[in-house]
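Report on the structure given below.
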Amino acid sequence: MHVTVVGYLTTAGLAIEIGDGVATVLAGWSPDATAWLTDVLPKSGPDEHWRRDSAMVRGHDHGWRRV
């Protein structure tokens with residue numbers, strides 16, 4: 001992934017809508033930065049499935065439960 005100087009300057013500090021009322025920001029990048037996404041990590045254990053119940057949001061867990 002590469003962030004050009006122009007791309008950085010036009011998006012830094014802006015909320016970028018990605019759909020369904022969800023947005024993201026360009027954070028942790030520098031102008032003209034490149035990241036190579038080539039590492040493949042081995043599986044460290046069995047899969048886990050999580051679900052967020054917004055009706056149960058409280059405390060530090062924010063409604064997340066393992067299912």
Side-chain angles (χ1 to χ4, degrees):
M1 296 178 1
H2 181 78
V3 178
T4 64
V5 173
V6 172
Y8 178 84
L9 292 175
T10 58
T11 58
L14 296 177
I16 303 165
E17 188 166 340
I18 57 175
D20 294 330
V22 178
T24 189
V25 294
L26 181 65
W29 288 86
S30 299
D32 211 27
T34 300
W36 297 96
L37 306 177
T38 58
D39 292 342
V40 177
L41 300 175
K43 195 171 182 178
S44 64
D47 292 345
E48 292 185 359
H49 299 274
W50 291 75
R51 179 169 298 153
R52 184 171 188 258
D53 183 355
S54 59
M56 297 181 69
V57 174
R58 63 176 179 255
H60 67 279
D61 66 0
H62 301 288
W64 286 100
R65 302 281 181 257
R66 191 180 333 203
V67 293

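We're numbering straight along the sequence, starting at 1. As the structure is a prediction and not an experimental result, all values here were calculated from the model.
No path of Ile, Leu, Val, Met, Phe, Trp and Tyr side chains, each step under 4.5 Å between heavy atoms, connects Ile16 with Val22, placing them in separate hydrophobic clusters.
In this structure, Ser30 and Tyr8 approach most closely via the heavy-atom pair C-CD1, 4.1 Å. Between Leu14 and Val25, the closest heavy-atom pair is O-CG1, 3.5 Å.
Checking side-chain atoms of Thr4 against main-chain N and O of Gly7 turns up a donor-acceptor pair under 3.5 Å.
In this structure, CH2 on Trp29 lies 9.5 Å from NE2 on His2, to the nearest 0.5 angstrom.
Around atom CH2 of Trp36, no more than 12 heavy atoms belonging to other residues, nucleotides or ligands sit under 6.0 Å away.
The one candidate from Thr11, Leu26, Asp32 that meets the side-chain contact (heavy atoms from CB on, under 4.5 Å) condition with Val3 is Leu26.
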